[in-house]
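Worksheet: one structure, shown below.
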Amino acid sequence: MLDKRYDPKEIEKKWYDFWIEKEYFKADSKSDKPPYCIVIPPPNVTGSLHIGHALDNTLQDIMIRWKRMSGFNTLWMPGTDHAGIATQNVVEKDLNSKGTDRHALGREAFIEKVWEWKKLYGRTIINQLKVLGASCDWSRERFTLDEGLSRAVREVFLRLYEEGLIYRGEYLINWCTRCHTALSDIEVEHEDRQGKLWQIRYDFVDEEGGLTVATTRPETYLGDTAVAVNPEDTRYTNLIGKKVRLPIIEREVPIIADEFVDSTFGTGAVKVTPAHDPNDFEMGKRHDLPFINIMTGDGTMSEEAGPYKGLDRFECRKRVLEDLEKTGYLEMTQDHDHALGHCYRCKTVVEPYLSKQWFVKIKPLAEEAIKAVKDGRVKIIPAGWENSYFDWMENIRDWCISRQIWWGHRIPVWYCESCDEIIVSRETPEKCTCGSTELKQDEDVLDTWFSSALWPFSTLGWPEETDDLRTFYPTSVLITGFDILFFWVARMIMMGLKFRGEQPFHHVYIHALIRDAEGQKMSKSKGNVVDPLEMTEAFGTDAVRFTLAAYAAQGRDIKFSEERVEGYRHFLNKIWNVARFISMNVDNETEVRSISDIHDSKLSLSLADRWIMSRLSGVSRDVNHALDEYRFNDAASLLYQYVWHELCDWYVEMIKPDLSSTNAESKSAALSTLIYVFESALALMHPIMPFITEEIWQQLPARADVDSLCIRAYPVYDEKLHNRESEKKMDIIINAVTGVRSIRGELNISPSRELKVFIKTTGEVEEVLTDNMTFIMKLARTAEIETGSEISVPKNSATAIKSSMEIFVPLKGIIDVDAEITRLNKEFSKTEKEFTFLSRKLTNVDFIEKAPEAVVKECRRNYDEYLDKLQSIRDNIDKMKELEESD
RNA sequence: GGGCGGAUAGCUCAGUUGGGAGAGCACAGCCCUUACAAGGCUGGGGUCACAGGUUCAAGCCCUGUUCCGCCUACCA
């Protein structure tokens, strides 16, 4: 006997351990079964599980468990990401709090420290995934910095370098002055800011007056090496070639002409700072201007900034403005909004900074990756994201892959101290071709995303040609949020195509972002973060998983509310109670028959039995279909609807008389059917709610012949169970029952009062009603039901009109005639509205001629039905009125 | 500046080839009917943002408008 309430805690742990012990999650690289593989988006090794992870991994687990039960050789490949900048920041923060820093420690000791940190905290998120129920093959778990993956990284670097797709050069890159490293373009987050536009006058060198330029960054004037105007701009054509003098520092720079300059903006003259602005950089190249770097890596002013040397860049701006103001060179200040780039890891304002970096020449890789999506080798779901993908890929710029941090894959490049040789190698080289052993490895490490781009094949053993790789690559689907579409998904496609010749996955399923109940993005600083583990503590993991699945409709962000989790916990409680109900009805005498007995008609099933079986078959079909299209919310609501509103509300109620009957045969049929459909429903729900379903399943008196629900065959559409006839008949019964209930409810008749009911009907409908009288009487709580075509309205009756039947409930002495007339009038006008709509449609010649025949036919049928119904209601109202008058 | 998405019941949202709208929660009434009060039954509630258009027929397709998100961008 099950406990009165479902208590998730111990149960969850028990079954997770059981699954692991039985190795159900282990993939087989030599299996004959069709493969199904998902690689996990590797969470940051020092991170902890947030609600976005919970969603992402629940969806993956649903797919994996579903496919595993459906007979696939499944591999859910788990692992973690070393997350270079993020992890280094965390450890540096810790060092800072202890009064030291990484420079004091030195490179080797610092890296040692990070590894220690990883050992301490690196399992946190993995353990949290296990709490969530993730059925990963943990025996294959990988880490982006482990040996195998590092080999893959060096192999890819080398091959790209040899093909000329990796190069080194001095360019203007995005520099985070706090993280002290270069960033790629997408690692910069742009944010609109209210700013100022300042106009500064530069005096002419050889004549009176000056030229005014507009800028949002006045401090960079210290690095100006020209002033540019548009060659077409007649205001300035006579000035081209002349010189101006920069205020205060008195450097002389030329006035040049460049098409880039927009003469309508500002004053039409722009200061050119080639070392501190991307456009100016290009202009500098075009005009062969000097590049003056006025800043150092930590965002303070360099030697080149003259009197401002040593100042922080923002302090410098203030001082420059003050000085320009004082000397009269600041001519105007106006408001000006513009987007400002911030570091995606620490939110510091990013600085365009001139430095020597490694880049991937990305266009050739991107072209292939665009093709793969265009020709359908990779399908992005929902397809709307393909546009973003193409847009980004088509305008992609070379990828800066070197980072000036220590935690990561060190760039496999060595420089000879004796000659100019550059050695790129898989293994650490002993000596240079010139014979020198004085080799120095490049100081930088690679962008973390460089290694994660290889994840789908590096985790499977590449560059080794492993069984895993042969079996599971390309993987089946990648499930992730849109926020890393460019960072990760696009790059995996590029690298997968390049190094495997095949796309890394067939599908990319992109799910929404989870926001708080007000629609705000969750963030630690706002304090509106929902901790999924707190949720699982409070409501159980299954309730959280079910909620996430139910929320996961395509194409819209999720506003997460705890109340909804609470609501679905009620669903679990409902499931639990069906199980209790079953266990209460199982006894030693009653034989529980198998599905094959049912199929072989070895026991006679009631209409209810046949109906719930048929519905099971239909729901199985629909759930499979929904999951096949990643419509998780549909799958969840189909199951919710079936279990609660069909199985519990109708079926269980209908078989109660059979279960308590002394007729062994009918009890056996009902109980066998109940257990069969419930066992199947548990299987259908298992991918979404693995724990409660396993717990109950293990205690069922009859079930499929396997040791765990997680390897039971997933239910599918069963033609033998499909039974349209029974569904049609059930509709009639449900109509009759709800008809009586409506009368009871609306006229406030106590449920304890047993009613006598007359139903006027004919033919097949009457047959169905008489055949199932016990069901109807039980569900409608009636003492007696009379059916027939000749039934006339008894005195003082309430009436309900349903298709093909009129239901009368005589309520002598109780009925309020006025109330009943009101009720019928309401029903009449409701019906009339429908009716006039239909009749208007049918009198429309165009509709009759142009609409498909089936639609017109349907419309006619409804018309007739509503016409009958209206007539019946009218009649009944008249009779009521007669009654009223005769009284 | 460009692109994408959203606006449907009081709230949160479904609505898959166009055939006059659904769920959960909330609300109201009745009920402890021996699985479940975390429950049962019944009921009220919607100009599908606005304005046009296509069509026999529009929540759905087209155009425009308003409001709200997001992505992207080198106008200093």
Side-chain angles (χ1 to χ4, degrees), chain A residues 2 4-6 172 186 190 197 213-217 220 228 260-262 264-273 277-282 336 338-339 352 382 384-385 387-388 391-392 395 482-483 485-486 513 515 517 519 521 550-551 553-561 563-564 566-585 625-626 629 631 633-634 637 640-641 645 648-649 652-653 656 660 737-738 741-752 778-781 834 837-838 841 844-852 854-856 858-859:
Chain A
L2 282 78
K4 184 137 195 228
R5 286 183 174 196
Y6 173 58
L172 211 53
I186 46 174
H190 293 273
L197 188 66
V213 297
T215 181
T216 54
R217 300 198 57 196
T220 62
F260 165 79
V261 181
D262 174 2
T264 64
F265 187 90
T267 61
V270 56
K271 58 191 275 308
V272 183
T273 324
D277 180 280
N279 296 316
D280 296 3
F281 179 82
E282 294 301 324
H336 180 72
H338 64 291
W385 290 106
N387 282 335
S388 301
D391 186 57
W392 188 69
N395 299 302
F482 62 81
D483 49 334
L485 180 61
F486 306 144
L513 212 68
R515 301 169 178 282
K521 206 169 170 174
Y551 259 130
Q554 291 180 12
R556 190 197 277 238
D557 282 349
I558 296 168
K559 285 192 212 169
F560 191 88
S561 102
E563 281 162 37
R564 192 141 170 199
E566 203 179 336
Y568 287 124
R569 184 186 53 173
H570 298 172
F571 180 47
L572 295 226
N573 192 245
K574 194 76 183 174
I575 296 166
W576 186 253
N577 277 297
V578 186
R580 290 183 68 225
F581 179 75
I582 289 172
S583 68
M584 285 173 68
N585 280 283
H625 188 222
E629 294 180 348
R631 287 182 289 110
N633 59 321
D634 284 355
S637 77
Y640 185 95
Q641 196 65 26
H645 297 305
C648 294
D649 287 351
V652 168
E653 293 307 322
K656 276 178 179 173
S660 58
V737 172
T738 51
R741 282 175 176 173
S742 290
I743 291 170
R744 206 192 275 278
E746 287 180 54
L747 295 178
N748 264 336
I749 300 158
S750 157
S752 56
K778 160 97 172 115
L779 296 174
R781 314 202 91 221
E834 295 294 314
F837 169 70
L838 289 167
K841 218 167 172 180
N844 183 339
V845 185
D846 284 329
F847 174 72
I848 304 291
E849 279 174 1
K850 291 176 184 166
V855 174
V856 178
E858 165 101 33
C859 194

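No hydrogens, no waters, no symmetry mates; every other heavy atom, side chains included, goes into these values. Lettering of chains follows the sequences in order, A, B, ..., and the numbering in each one begins at 1.
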**Study point:** Gly268(A) versus Val261(A), closest heavy-atom pair with distance
**Key:** O-CG1, 3.4 Å

Practice item. Please indicate whether Glu629(A) has more than 12 foreign heavy atoms, meaning atoms of other residues, nucleotides or ligands, lying under 6.0 Å from its CD. Key: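 Atom CD in Glu629(A) is packed in, count exceeds 12.
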
Provide, to the nearest angstrom, the distance between the [atom1] atom belonging to [X] and the [atom2] atom belonging to [N].
{"X": "Phe847(A)", "N": "rC56(B)", "atom1": "CZ", "atom2": "P", "result": "12 Å"}
{"X": "Glu282(A)", "N": "rA76(B)", "atom1": "CD", "atom2": "P", "result": "16 Å"}
{"X": "Asp262(A)", "N": "rG1(B)", "atom1": "CG", "atom2": "P", "result": "14 Å"}
{"X": "Gln641(A)", "N": "rG22(B)", "atom1": "CD", "atom2": "P", "result": "13 Å"}
{"X": "Leu513(A)", "N": "rC68(B)", "atom1": "CG", "atom2": "P", "result": "21 Å"}

[X] near the nucleic acid: base, sugar-phosphate alone, or nothing, with a heavy-atom cut-off under 4.0 Å?
{"X": "His645(A)", "answer": "sugar-phosphate"}
{"X": "Thr216(A)", "answer": "sugar-phosphate"}
{"X": "Tyr568(A)", "answer": "nothing"}
{"X": "Thr738(A)", "answer": "sugar-phosphate"}
{"X": "Asn395(A)", "answer": "nothing"}
{"X": "Pro352(A)", "answer": "nothing"}
{"X": "Ala214(A)", "answer": "base"}
{"X": "Ser388(A)", "answer": "nothing"}
{"X": "Val213(A)", "answer": "nothing"}
{"X": "Val261(A)", "answer": "base"}
{"X": "Cys859(A)", "answer": "nothing"}
{"X": "Arg569(A)", "answer": "base"}
{"X": "Glu858(A)", "answer": "nothing"}

Tell me which nucleotide among [options] gets nearest to the side chain of [X].
{"X": "Glu653(A)", "options": "rA35(B), rG69(B), rC41(B)", "answer": "rA35(B)"}
{"X": "Pro852(A)", "options": "rG69(B), rA76(B), rG19(B)", "answer": "rG19(B)"}
{"X": "Phe581(A)", "options": "rU72(B), rU42(B), rA35(B)", "answer": "rA35(B)"}
{"X": "Ser742(A)", "options": "rG43(B), rA76(B), rG40(B)", "answer": "rG43(B)"}
{"X": "Arg580(A)", "options": "rC56(B), rG19(B), rC36(B)", "answer": "rC36(B)"}
{"X": "His570(A)", "options": "rA76(B), rU42(B), rA38(B)", "answer": "rA38(B)"}
{"X": "Lys841(A)", "options": "rG19(B), rG69(B), rA14(B)", "answer": "rG19(B)"}
{"X": "Arg631(A)", "options": "rC75(B), rU16(B), rG19(B)", "answer": "rU16(B)"}

Is it true that a side-chain atom of [X] and a backbone atom of [Y] form a donor plus acceptor pair closer than 3.5 Å?
{"X": "Arg744(A)", "Y": "Ser750(A)", "answer": "yes"}
{"X": "Tyr551(A)", "Y": "Lys559(A)", "answer": "yes"}
{"X": "Asn573(A)", "Y": "Arg569(A)", "answer": "no"}

Review point. Do the side chains of Asp277(A) and Pro352(A) get nearer than 4.5 Å, heavy atoms only?
Key: no

In whole Å, what separates the [atom1] atom of [N] from that of [M]?
{"N": "rU12(B)", "M": "rU63(B)", "atom1": "P", "answer": "29 Å"}
{"N": "rU47(B)", "M": "rA9(B)", "atom1": "C1'", "answer": "14 Å"}
{"N": "rA23(B)", "M": "rC67(B)", "atom1": "C1'", "answer": "27 Å"}
{"N": "rA26(B)", "M": "rG46(B)", "atom1": "C1'", "answer": "16 Å"}
{"N": "rA73(B)", "M": "rC11(B)", "atom1": "P", "answer": "37 Å"}
{"N": "rG19(B)", "M": "rU34(B)", "atom1": "P", "answer": "45 Å"}
{"N": "rA35(B)", "M": "rC48(B)", "atom1": "P", "answer": "45 Å"}
{"N": "rG40(B)", "M": "rA7(B)", "atom1": "C1'", "answer": "36 Å"}

Exercise for review: Could you provide the dot-bracket string of RNA chain B, using ( ) for intrastrand pairs, [ ] for crossing pairs and | for bases paired to another strand, with Watson-Crick or G-U pairs below 3.5 Å?
Suggested key: (((((((..((((.....[..)))).(((((.......))))).....(((((..]....))))))))))))....

Check your understanding: Between the base of rA14(B) and the side chain of Gln554(A), is there a donor-acceptor distance below 3.5 Å?
Key ->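 By the distance-only test, no, there is no pair.
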
Exercise for review: Answer with yes or no whether Arg5(A) presents, from its side chain, a donor or acceptor under 3.5 Å of a partner atom in the base of rA38(B).
Suggested key: yes

Approximate separation, where rounding is to 0.5 Å, of [X] [atom1] and [Y] [atom2]:
{"X": "Leu197(A)", "Y": "Thr215(A)", "atom1": "CG", "atom2": "OG1", "result": "7.5 Å"}
{"X": "Lys271(A)", "Y": "Arg217(A)", "atom1": "NZ", "atom2": "CZ", "result": "8.0 Å"}
{"X": "Lys850(A)", "Y": "Asn844(A)", "atom1": "NZ", "atom2": "CG", "result": "9.0 Å"}

Review point. 5'-most contact on RNA chain B: Arg217(A) or Asn387(A), nearest heavy atom basis?
Key: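 Its nearest nucleotide being more 5', the pick is Asn387(A).
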
Exercise for review: Could you check Lys4(A) against His190(A) and say which one's nearest nucleotide on RNA chain B is further toward the 5' end?
Suggested key: Lys4(A)

Exercise for review: Describe, in one word, how the ring planes of Trp385(A) and Phe482(A) are oriented to each other, choosing from parallel (under 30°), tilted (30 to 60°) and perpendicular (over 60°).
Suggested key: parallel

Review point. Is the Trp576(A) ring parallel, tilted or perpendicular to the Tyr6(A) ring (thresholds 30°, 60°)?
Key: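 Answer is tilted, since the angle falls between 30° and 60°.
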
Between [X] and [N], does any side-chain N or O lie under 4.0 Å from OP1 or OP2?
{"X": "Ser637(A)", "N": "rG24(B)", "result": "no"}
{"X": "His338(A)", "N": "rA76(B)", "result": "no"}
{"X": "Lys574(A)", "N": "rG40(B)", "result": "yes"}
{"X": "Lys656(A)", "N": "rA35(B)", "result": "yes"}

Exercise for review: Check the pair Phe581(A) / Lys656(A) against side-chain contact (heavy atoms from CB on, under 4.5 Å), numbers first and verdict last.
Suggested key: CA-CA 10 Å; Phe581(A) 179 75; Lys656(A) 276 178 179 173; 3.8 Å; yes

**Study point:** Distance-only side-chain donor-acceptor flag, Asp391(A) / Asn387(A), under 3.5 Å
**Key:**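 Asp391(A) vs Asn387(A): no donor-acceptor pair found between side chains.
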
Can you check nucleotides 29-31 of chain B for protein contacts, nitrogen or oxygen pairs under 3.5 Å, and list what you find?
unit_1  : atom_1 : unit_2    : atom_2 : d
rG29(B) : O2'    : Asn748(A) : OD1    : 3.1
rG29(B) : O2'    : Asn748(A) : ND2    : 3.3
rC30(B) : O4'    : Asn748(A) : OD1    : 3.4

